There are 2 protein chains.
Amino acid sequence: MLYGYWRSSAAYRVRIALALKGLDYTHAPVHLVRDGGEQHKDAYRALNPQGLVPCLVDGAAVLTQSLAIIEYLEEAYPATPPLLPADAAGRARVRAIAQAIACDIHPLGNLRVLKALESRFGADETQRGEWVRHWIATGFAALEAMLAGSAATGRHCHGDMPTLADVCLVPQVYNARRWQLDLAPYPTLERIDAVCRALPAFQAAAPEAQPDAR
Amino acid sequence: MLYGYWRSSAAYRVRIALALKGLDYTHAPVHLVRDGGEQHKDAYRALNPQGLVPCLVDGAAVLTQSLAIIEYLEEAYPATPPLLPADAAGRARVRAIAQAIACDIHPLGNLRVLKALESRFGADETQRGEWVRHWIATGFAALEAMLAGSAATGRHCHGDMPTLADVCLVPQVYNARRWQLDLAPYPTLERIDAVCRALPAFQAAAPEAQPDAR
């Protein structure tokens, strides 16, 4: 059972990983906006005290944090394809790309942060958009350098098969488009994003393909 | 060779992991403030295009992102003690605690974010302090619920030995004290932080014990 929201980047990552591994699951939509946000209700907080999506319930295990969930899937369901390479240095590179997105881009443009910018500093819609684009552009410039400058980059972020890095990249590029960031300065990211989105697993996990997409 | 900064939470995490595993290394201080920030210079960006610390160079491997570095140490140097438990659900719990800090608390109070709040919204010192404390308090309330409410919590965040979760917790509590956050609402976090800081490895990794501490 995956508690998520169609447009949440973090939930989107987990959906991609589940789809790549061919693991079936039930959707449990948590509407992040309606009625003050269902993620803040007691019923959901009993599952995840952070009040954030996603949360994956697998038997007795209640799993939170998208990257921790995907590492769990990798360990508990070592189905083809693996989402991390076999060597320690390669695994570190893939995790670093994933975390450059999950730690240094995504949290800064999250809904709760944008709400806080509005309530604390009166940031209007234009300023909030500039804020989000600034952090995505900063992170994407670094990622473009990391990817374009490395022989380890292939059709995908690491070699020719999708890994945890691609699983994080595609939702962040989706988010960048939503915020109308010009992607021209990041040709490697655009290329890899297009390669990924041609794959059925990425298509099945896309926000618009979810039952709660409005 | 560890490129870091004495007061960086992310570098502090890696120092704790290296000390717990008894791995020797050379310090390469990167001053984050002086001269506009040494992390932005070409020499450092050639190593890490993100322009963030830490960066660990281990032979031919250039490793970035603190959690990716620590997972690498766990895999490449499986020395006692392990920093992740043996079972997949336990590993997921430890990683989720670590990521609740590394993704959802720490990035929001980072130096570059505080600078952006000042330059974009005119946030003064008081407002920047309130911003940082707000996100630490939000995250700590969730962590306190996760830790106090779980039978898996022991002397440490997960059982009775330090794990990746403790490695992330202690630098964040250090940071919270620096910002004068009242820790009384988080007795479990305070207790575990004290248990950790009594250990020689955590003491050796402390900011004030570093050669670049001013």
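This structure is a prediction, so every number in the text was calculated from the model and none was measured. Just so you know, these numbers use all the heavy atoms, side chains as well, and skip hydrogens, waters and symmetry mates.
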Residues of residues 158-184 of chain A contacting chain B, heavy-atom criterion under 4.5 Å, by residue number: none

Arg91(B) and Glu75(A), any side-chain heavy atoms less than 4.5 Å apart: yes

Selection from Glu71(B), Met146(B), His106(B) maximising heavy-atom pairs under 4.5 Å formed with chain A: Glu71(B)

Within residues 122-145 of chain A, residues adjacent to chain B where the heavy-atom gap is under 4.5 Å: Ala123(A), Gln127(A), Glu130(A), Trp131(A), His134(A), Trp135(A), Thr138(A), Ala142(A), Ala145(A)

Flag, side chain of Gln99(A) to backbone of Ala68(B), donor-acceptor distance under 3.5 Å: yes

Spacing of SG belonging to Cys103(A) relative to CD1 belonging to Ile101(B), to within rounding of 0.5 Å: 11.5 Å

Most contacts with chain B, counted as non-hydrogen pairs under 4.5 angstrom, among Gly59(A), Ser66(A), Gly149(A), Ala116(A): Ala116(A)

Residue Ala60(A) versus chain B: region with a heavy atom under 4.5 Å: neither

Chain A contact via Val62(B) - which portion, at a heavy-atom distance below 4.5 Å: neither

Chain B interface, residue from Ile69(A), Ile97(A), Leu117(A) that has the most non-hydrogen pairs under 4.5 Å: Leu117(A)

Contact origin within Arg93(A) toward chain B - heavy atom pairs under 4.5 Å: neither

Interchain contact, Leu67(B) with chain A, by part (heavy-atom threshold 4.5 Å): both

Minimum-distance pair of heavy atoms, taken over all atoms of Leu108(B) and Pro107(A): CD2-O, 3.7 Å

Members of residues 7-20 of chain A whose heavy atoms come closer than 4.5 Å to chain B: none

Contact winner vs chain B - Ala102(A), Ala100(A), Ala98(A), heavy-atom pairs under 4.5 Å: Ala100(A)

For residues 45-54 of chain B, dump all side-chain donor-acceptor pairs below 3.5 Å to protein atoms at least two apart in sequence or in another chain.
from	atom 1	to	atom 2	distance (Å)
Arg45(B)	NH1	Pro49(B)	O	2.9
Arg45(B)	NH2	His40(B)	ND1	3.0
Asn48(B)	OD1	Gln50(B)	N	2.9
Asn48(B)	ND2	Leu52(B)	O	2.8
Gln50(B)	OE1	Gln65(B)	NE2	2.7
Gln50(B)	NE2	Asp104(A)	OD2	3.3

